Amino acid sequence: MAAERRTLIHWFRKGLRVHDNPALTQIFNKARASPDKFSVRPIFVLDPGILDWMQVGANRWRFLQQSLLDLDKNLKELNSRLYIVRGKPVDIFPNLFDRWNVELLTFETDIEPYAMKRDKAVQDIAAAHGVKVDTHCSHTIYNPEIVVAKNFGRAPITYQKFLSVVEKLKLPKVLDKPQRLPNGVQPIADELEVGQSDVYECPTLDQLVKRPQELGINKFPGGEREALRRLDTSLSDEHWVASFEKPNTAPNSLEPSTTVLSPYLKFGCLSARLVHQRLQEILKRHPKHSKPPVSLVGQLLWREFYYTAASVEPNFDRMLGNVYCLQIPWQERPDHLDAWAHGRTGYPFIDAIMRQLRQEGWIHHLARHAVACFLTRGDLWISWEEGQRVFEQLLLDQDWALNAGNWMWLSASAFFHQYFRVYSPVAFGKKTDRTGAYIRKYVPELAKYPAGCIYEPWKATLADQREFGCVLGIDYPHRIVNHDIVHKENIKRMSAAYKINREVRTGKQEDEIDYDSSMSLTTNKRNASFETKRSTAKRKR
DNA sequence: TTCCCGTTGGTATA
DNA sequence: TATACCAACGGGAA
């Protein structure tokens with residue numbers, strides 16, 4: 001009798017795909033082996049609690065919505081479907097476990113603190129309801145837990161060290177999509193579905209997006225189908241793949257100079273393990289290929305690097321109490337932060353990047369470097385946490401570990417320490433776009449400025465500005481800081497911050513430390529120094 | 001303790 | 001286009 005069937009649930013969170021999805025494949029195989037015993041319910045939980053954890057901008061909601069629609073389609077091709085459940089996991093699971101007579105729950109592991117807490121709670125609930133839970137690590141190529149264990153309980157904090165650790169590890173077996181379910185495994189409608197046929201349907205865009213005016217161009221639609229298509233396109237030119245070196249790609253080309261697979265990897269529409277396997281196959285045919293850290297494989301391994309580091313530090317996205325992070329007395333400047341976030345700094349290259357980000361949800365990695373350096377140690381001296389928050393909202397590929405890790409890198413707070421290497425908001429972009437075509441596209445008010453001064457519009461005379469149809473202070477802002485002056489001051493501030501951190505780290509007594517050595521002492525700074533001690537203590541443990 | 005190295009700086013000089 | 005220099009960091013190996 002159908003009523004006696006037991007339900008197998010796969011819970012999608014990240015990993016919005018049917019290919020290379022071991023947790024999904026597990027329940028499909030189990031149901032296929034005993035089709036008269038089981039029903040299969042692949043679910044996605046629309047969890048309002050996630051908003052206490054994450055900022056999600058309109059473009060990112062759209063990407064998720066499209067990914068869910070595509071996932072439902074892909075599951076239907078396998079004779080199943082996606083069930084969207086609305087509510088907090090801790091509230092809805094007890095109900096589902098009872099109502100659906102659940103035997104097994106599977107999901108992909110995650111290392112984000114919000115996810116780990118949520119998953120622990122759900123596992124406890126499952127245990128109380130007699131539901132078995134199986135988890136699989138498939139968001140990353142290597143299991144962060146194993147990498148940490150192989151490195152004697154600590155995450156490697158240099159890329160080279162990370163490489164030496166993972167080189168010894170076995171690569172995962174990449175799975176194809178599961179085989180189609182036989183007829184009869186689909187669950188019969190539950191009491192909620194009866195008379196409410198749309199109760200588990202995918203959300204519409206207007207259900208998710210509260211401010212539709214913030215929706216930009218849909219240049220990178222979500223979903224597994226699009227992800228695999230994009231992968232094929234990216235890998236079609238094998239010479240390009242084999243010779244890829246990230247630093248040689250342009251941050252300001254009019255069309256992306258890199259693959260833009262990152263949003264798909266973030267949501268798991270695309271398996272990093274599959275990409276890795278496909279790359280290895282190509283590289284076998286091209287013995288003289290580029291290598292990590294600059295190669296395409298190297299890019300995947302950066303992702304692994306940050307995931308591993310983040311997996312053992314719940315404060316990875318904060319300066320205070322973060323074992324990796326240098327304590328720096330950043331300043332609060334809401335006006336400057338706002339100008340930066342909305343592309344109104346008066347530096348055309350910086351503004352073009354920030355506007356592209358807001359419109360399209362993706363910017364080149366080196367463009368991220370330029371704007372991140374500008375916000376933090378280069379020019380504005382504003383905390384990387386503020387930048388992280390803006391990126392979190394706007395980037396389609398926003399991934400907690402990568403976003404925080406890269407912000408620490410760029411602000412020279414962790415992993416990278418050569419703070420005297422500062423990006424110029426004027427010179428850096430010129431290397432790959434002499435004429436300023438990128439600026440003309442994203443800062444159209446400057447479109448008539450000639451190549452000679454489009455990166456530095458303040459060099460145009462007022463008469464010229466009028467002729468070019470864009471007067472500074474009226475049609476486009478004056479620059480909010482003078483880079484030539486502030487970046488030198490900031491290098492000194494960094495030097496002082498490093499000195500204090502060094503002294504605290506090496507155990508010099510607090511009263512011996514000269515906080516005033518090159519800048520005035522602020523409350524902020526004393527707190528920062530105090531927290532460093534805590535971090536250091538933690539690190540030694 | 002010393003020395004080398006580090007995904008992707010900027011600038012001047014040849 | 002390549003190289004030296006700027007002023008100088010931390011991690012990690014020796």
Side-chain angles (χ1 to χ4, degrees), chain A residues 151-152 154-166 243-253 256-259 262 289-306 309 323-328 347 349-350 353 363-374 376-379 402 405-434 455-456 483-506 517-518 532 535-536 539-540:
Chain A
N151 194 47
F152 312 104
R154 295 147 152 231
I157 55 171
T158 67
Y159 188 82
Q160 296 305 328
K161 186 84 180 109
F162 177 83
L163 279 187
S164 74
V165 174
V166 299
S243 60
F244 182 94
E245 293 193 344
K246 186 65 152 280
N248 297 337
T249 58
N252 47 5
S253 50
S257 59
T258 51
T259 64
S262 52
H289 57 75
S290 59
K291 293 193 170 55
V294 293
S295 63
L296 281 172
V297 170
Q299 305 310 303
L300 284 177
L301 295 180
W302 278 107
R303 178 173 179 271
E304 306 280 318
F305 172 80
Y306 287 127
V323 288
Y324 303 111
C325 190
L326 185 76
Q327 305 300 302
I328 295 173
Y347 281 91
F349 179 57
I350 299 298
I353 294 167
I363 49 178
H364 186 279
H365 188 64
L366 290 177
R368 302 179 195 198
H369 279 216
V371 297
C373 183
F374 187 89
T376 58
R377 67 186 168 85
D379 295 82
L402 279 63
N406 278 309
W407 273 102
M408 282 188 270
W409 180 288
L410 257 300
S411 60
S413 300
F415 313 118
F416 170 86
H417 310 283
Q418 289 149 289
Y419 58 78
F420 34 84
R421 292 189 180 173
V422 177
Y423 289 84
S424 161
V426 170
F428 187 66
K430 283 185 185 171
K431 287 195 286 190
T432 43
D433 178 23
R434 286 187 62 82
Y455 282 88
E456 304 154 278
H483 174 77
D484 294 331
I485 295 167
V486 296
H487 95 271
K488 286 181 187 152
E489 291 170 1
N490 289 344
I491 286 175
K492 288 193 185 125
R493 286 166 146 174
M494 286 302 287
S495 172
Y498 266 82
K499 184 163 179 278
I500 289 168
N501 276 265
R502 199 158 53 227
E503 288 169 351
V504 172
R505 203 175 56 217
T506 54
S517 55
S518 64
T532 306
S535 307
T536 312
R539 190 180 309 187
K540 281 178 183 158

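When reading the values below, keep in mind they use all heavy atoms of this one structure, side chains included, and skip hydrogens, waters and symmetry mates. In the text below, chain A, chain B and the rest are named by the order of the sequence lines, each starting its count at 1. Fair warning: this is a prediction, and the values are worked out from it, not measured in the lab.
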Original post:
How does DNA chain B look in dot-bracket notation if pairs are Watson-Crick or G-U with both distances under 3.5 Å, crossing ones as [ ], other-strand ones as |?
Top reply: ||||||..||||||

Mind checking the [atom1] distance from [N] to [M]? Whole angstroms is fine.
{"N": "B/dG6", "M": "C/dA8", "atom1": "C1'", "result": "13 Å"}
{"N": "C/dT1", "M": "B/dT7", "atom1": "P", "result": "26 Å"}
{"N": "C/dA7", "M": "B/dT13", "atom1": "P", "result": "15 Å"}

Subject >> Earlier contact from the 5' end, DNA chain C, for A/Pro156 and A/Gln418 >> reply: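 So the residue in question is A/Gln418.
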
Subject >> For A/Ser253, side-chain contact (heavy atoms from CB on, under 4.5 Å) partners two or more places apart >> reply: A/Ala250, A/Ser257

Subject >> chain A footprint on DNA chain B, 5' to 3' - any atom under 4.0 Å from a heavy atom >> reply: B/dG6 to B/dT11

Original post:
In chain order, what residues pass the ring-ring contact (aromatic ring centres under 6.0 Å, His included) check against A/Tyr347, with sequence neighbours excluded?
Top reply: A/Phe374, A/Trp458

Original post:
Looking at residues at least two apart in the chain, or sitting in another chain, which of them share a ring-ring contact (aromatic ring centres under 6.0 Å, His included) with A/Tyr498?
Top reply: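 A/Tyr498 satisfies ring-ring contact (aromatic ring centres under 6.0 Å, His included) with A/Tyr419 only.
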
**OP:** Could you check whether A/Lys430 gets within reach of a base, just the sugar-phosphate, or nothing at all, counting any heavy atom under 4.0 Å?
**Re:**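 If one applies the 4.0 Å heavy-atom cut-off, A/Lys430 turns out to touch nothing in the nucleic acid.
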
Please set out all donor-acceptor pairs under 3.5 angstrom arising from side-chain atoms of residues 295-302 of chain A, sequence neighbours excluded.
residue	atom	partner	partner atom	Å
A/Ser295	OG	A/Lys291	O	3.4
A/Ser295	OG	A/Gly298	N	3.1
A/Gln299	OE1	A/Lys246	NZ	2.8
A/Gln299	NE2	A/Pro293	O	3.1
A/Gln299	NE2	A/Val294	O	3.3
A/Gln299	NE2	A/Ser295	O	3.1
A/Trp302	NE1	A/Pro293	O	3.4

**OP:** Report yes if some heavy atom in the side chain of A/Gln327 is under 4.5 Å from a heavy atom in the side chain of A/Ile500; otherwise report no.
**Re:**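 The answer is no; the side chains never approach within 4.5 Å.
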
